Amino acid sequence: GPWTLPRHTAVRIGEALALRWADINGKVTFRRSTTKTKTTRQSVILTALRDALDAYRMAWEAEHGHSPLKEEALFPCRDSTMTLETTPAA
């Protein structure tokens, strides 16, 4: 879930929640429009994070009934896979 990315990449939870599937492509790209410092940065995906993202993708597909499109939210809100979640679940 959303807590895995901050643990492995040291980003703020809001930055993790702003990700779309297009931002996960060999590296995780945090776009400047979503970061506090307004700078785009990338984090490498190490084995533990890759494994967590692979498992999350499978769960995402099972929940939403299809493979995610690049423009869909990595952590969507309840009613739309296109709308970003804005607050983490406890």
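Excluded from the calculations below are hydrogen atoms, water molecules and symmetry mates; all remaining heavy atoms, backbone and side chain alike, are included. Owing to the predicted nature of the structure, the values given are computational and were not obtained by experimental measurement. Throughout, residue positions are numbered sequentially from 1 according to the sequence presented.
- For the pair D23 and L74, the minimum side-chain heavy-atom distance is 4.5 Å or more.
- In this structure, the side-chain hydrogen bond (donor to acceptor under 3.5 Å, both in side chains) partners of T29, at least two apart in sequence or on a different chain, are Q42.
- Taking every heavy atom of both residues into account, S43 and F30 meet most closely at OG-CE1, 3.8 Å.
- L69 belongs to no multi-residue hydrophobic cluster, having no ILVMFWY side-chain contact under 4.5 Å with any other such residue.
- Scored by the side-chain hydrogen bond (donor to acceptor under 3.5 Å, both in side chains) test, S67 finds E61 as partners (sequence neighbours excluded).
- The CD1 atom of I24 sits 6.0 Å away from atom CG of L5, with the distance rounded to the nearest 0.5 Å.
- Looking only at side-chain heavy atoms (C-beta outward), V11 and R41 come within less than 4.5 Å of each other.
- Smallest separation of non-hydrogen atoms from P76 and H64: CG-NE2, 3.7 Å.
- When hydrophobic residues (I, L, V, M, F, W, Y) are linked wherever their side-chain heavy atoms come within less than 4.5 Å, the members clustered with L46 are V44.
- Contacts of T81 classified as side-chain hydrogen bond (donor to acceptor under 3.5 Å, both in side chains), with partners at least two apart in sequence or in another chain: E72.
- Ring geometry for F75 against Y56 counts as tilted: the plane angle lies between 30° and 60°, on a 0 to 90° scale.
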List, one per line, each side-chain donor-acceptor pair under 3.5 Å for residues 48-55, sequence neighbours excluded.
none

